[in-house]
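Every chain is numbered from 1, with letters handed out A, B, ... down the list of sequences.
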Protein chains: 2
Amino acid sequence: MEYNTQPLEYFIESCRKNNLKVTPQRMAIFQALVQDGSHPNPEIIYNRVRAKHPTISFATVYKTLETFEKFGLITRVTRLHDTVRYDPEIEPHHHIICVKCRKVINLFDEGLNNLPVPREVTSSNHVVDYSVHFNVVCEDCNN
Amino acid sequence: MEYNTQPLEYFIESCRKNNLKVTPQRMAIFQALVQDGSHPNPEIIYNRVRAKHPTISFATVYKTLETFEKFGLITRVTRLHDTVRYDPEIEPHHHIICVKCRKVINLFDEGLNNLPVPREVTSSNHVVDYSVHFNVVCEDCNN
DNA sequence: TTTCCACAGAATAATCATTATCGTCTACTT
DNA sequence: AAGTAGACGATAATGATTATTCTGTGGAAA
């Protein structure tokens, strides 16, 4: 179990490279994220950070995480978290997702439908389905 | 371009099988979803349906879509739409997502990191990255 | 050193998406 | 005819996120 994939020194270095100031709050937010592999949401991070910085505000957490993501210091699991997106397609398929305009296009591909599922996945979980998310910048957004 | 993957007759049949009443509103909601491949959110569907059913309410649209999904008539692109989930991992990796408790676990797998990306994806898009989402019921939720 | 300025942070309001509640209606049972 | 469950509409409530505004601070420039 190795969570500390991004040691603090690397984080600080990355901030410097991007002209981001390294503040105690930012370090705390980053550490709250790195401390485990739980993919926390802003609320959880906020609560963790409050232990050491009781006056920090929600907005700061949101803005900081957004900034980190913008500069590639962290990622988000999916970029489609703003609203539910429905699909009438119920057969196995995959998705092309434009990270700018959030357009979603279905992708049907036999090869992708038959990926070898790692044992790590099947060993302790019941797999419902899977789908490959291609995060792209689409033609329309590329101009 | 083939969107009508689920003709209306099949929809009606599926409703009957699941003891769901087939109402004009439900047909309209389903057709608003099937009419194109745009993966609309509830707001868009609401606006489309209002053309024929001006008195329909937002709540009905939400509840109906939820019902459809529950019975497997439609799907959602991702089940992590309720809140942003951050990840300190910036190297290519994949996700195991429990559809019940929404736990997310990173998955590192060389094979999955080197999938052949279909030409359909690369031809008109700039691929930022991709990630395989395994939707599962995790050990904890399986009891 | 002093002044200036941009960024960072805190507090708070506002917005947007979603869910819950409640009353009504209707088809179907008893 | 009365009862019941599901469906619908109206609306309130909640929860997540974003915007706004003000204050502070550290370093660049004078």
Side-chain angles (χ1 to χ4, degrees), chain A residues 11-12 14-33 39-71 73-74 76-86 102 104, chain B residues 11-12 14-33 39-71 73-74 76-86 102 104:
Chain A
F11 164 75
I12 293 173
S14 301
C15 282
R16 295 259 156 78
K17 266 187 204 151
N18 291 297
N19 289 320
L20 295 177
K21 288 180 186 159
V22 182
T23 67
Q25 288 91 335
R26 287 187 169 178
M27 304 223 306
I29 289 171
F30 185 76
Q31 290 195 305
L33 178 58
H39 302 74
N41 60 24
E43 191 193 354
I44 292 172
I45 292 172
Y46 170 70
N47 287 324
R48 285 179 180 173
V49 171
R50 269 205 303 176
K52 284 189 185 164
H53 300 269
T55 68
I56 200 165
S57 94
F58 238 112
T60 299
V61 173
Y62 269 96
K63 272 186 295 193
T64 304
L65 288 168
E66 211 171 279
T67 303
F68 287 172
E69 203 236 343
K70 182 176 158 196
F71 288 100
L73 276 69
I74 64 177
R76 31 181 87 180
V77 179
T78 173
R79 290 169 176 92
L80 293 177
H81 47 82
D82 50 338
T83 174
V84 207
R85 302 289 291 271
Y86 283 101
R102 302 231 162 106
V104 178
Chain B
F11 163 75
I12 294 172
S14 301
C15 284
R16 295 259 155 78
K17 267 188 204 153
N18 291 296
N19 289 318
L20 295 176
K21 289 179 186 159
V22 183
T23 67
Q25 287 92 336
R26 286 187 169 177
M27 304 224 304
I29 290 171
F30 184 76
Q31 289 194 306
L33 178 59
H39 302 75
N41 60 24
E43 190 193 354
I44 293 171
I45 292 172
Y46 169 70
N47 286 325
R48 287 179 179 173
V49 171
R50 269 205 303 177
K52 285 189 185 164
H53 299 269
T55 66
I56 199 165
S57 96
F58 238 113
T60 299
V61 173
Y62 270 95
K63 273 185 293 193
T64 303
L65 288 168
E66 210 172 279
T67 302
F68 287 172
E69 203 235 343
K70 183 176 158 195
F71 288 100
L73 276 69
I74 64 176
R76 31 181 87 179
V77 179
T78 171
R79 290 167 176 96
L80 293 177
H81 46 81
D82 51 338
T83 174
V84 207
R85 302 290 292 272
Y86 281 102
R102 303 229 162 107
V104 178

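No donor-acceptor distance shorter than 3.5 angstrom exists from the side chain of B/Asn19 to the backbone of B/Cys15, with no hydrogens or angles considered. At least one donor-acceptor pair under 3.5 Å links the side chain of B/Arg85 to the backbone N or O of A/His39.
Looking only at side-chain heavy atoms (C-beta outward), B/Met27 and B/Phe11 come within less than 4.5 Å of each other. For the pair B/Asp82 and B/Arg102, the minimum side-chain heavy-atom distance is below 4.5 Å.
Nucleotide D/dA5 holds its C1' atom 17 Å from the CG atom of B/Asn18, rounded to whole Å. Put simply, CG on B/Leu65 is 14 Å from C1' on D/dC8, counting in whole angstrom units. Atom CZ of B/Phe71 is separated from atom C1' of D/dG6 by 11 Å (rounded to the nearest Å). For the pair A/Gln25 CD and D/dT23 P, the computed distance is 19 Å after rounding to whole Å. A straight line from CD1 of B/Ile56 to P of D/dC8 spans 7 Å, rounded to a whole angstrom.
By the salt bridge (charged side-chain N to carboxylate O under 4.0 Å, His left out) test, B/Lys21 is found to be paired with no residue, residues two or more places apart in sequence or in another chain being considered. Considering only residues two or more places apart in sequence or on other chains, A/Arg16 meets the side-chain hydrogen bond (donor to acceptor under 3.5 Å, both in side chains) condition with none of them.
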Can you give the donor-acceptor pairs under 3.5 Å from side chains of residues 62-70 of chain A to other protein atoms, not counting sequence neighbours?
| from | atom 1 | to | atom 2 | distance (Å) |
| --- | --- | --- | --- | --- |
| A/Thr64 | OG1 | A/Thr60 | O | 2.6 |
| A/Thr67 | OG1 | A/Lys63 | O | 2.8 |
| A/Glu69 | OE1 | A/Arg76 | NE | 3.3 |

Would you list the atom pairs, donor with acceptor, under 3.5 Å between side chains in residues 42-50 of chain A and any protein atom, with sequence neighbours excluded?
| from | atom 1 | to | atom 2 | distance (Å) |
| --- | --- | --- | --- | --- |
| A/Asn47 | OD1 | A/Arg50 | NH2 | 3.0 |
| A/Asn47 | ND2 | A/Glu43 | O | 3.3 |
| A/Arg48 | NE | A/Gln35 | OE1 | 3.4 |
| A/Arg48 | NH1 | A/Ala32 | O | 2.6 |
| A/Arg48 | NH2 | A/Asp36 | OD2 | 2.8 |

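Place B/Pro54 and B/Lys21 on DNA chain D by their nearest nucleotides, and B/Lys21 ends up nearer the 5' end.
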For nucleotides 12-20 of chain D, give me every protein contact, N/O to N/O, under 3.5 Å, one pair per line with atom names.
| from | atom 1 | to | atom 2 | distance (Å) |
| --- | --- | --- | --- | --- |
| D/dT17 | OP1 | B/Val84 | N | 2.9 |
| D/dT17 | OP2 | A/Tyr62 | OH | 2.3 |
| D/dT17 | OP2 | B/Thr83 | OG1 | 3.1 |
| D/dT17 | O5' | A/Tyr62 | OH | 3.2 |

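The nucleotide range of DNA chain C contacted by chain B, defined by atoms under 4.0 angstrom from heavy atoms of the protein and reported 5' to 3', is C/dA17 to C/dT21.
Residue-level contact check: B/Thr55 touches the backbone only, with heavy atoms under 4.0 Å from sugar-phosphate atoms and none from bases.
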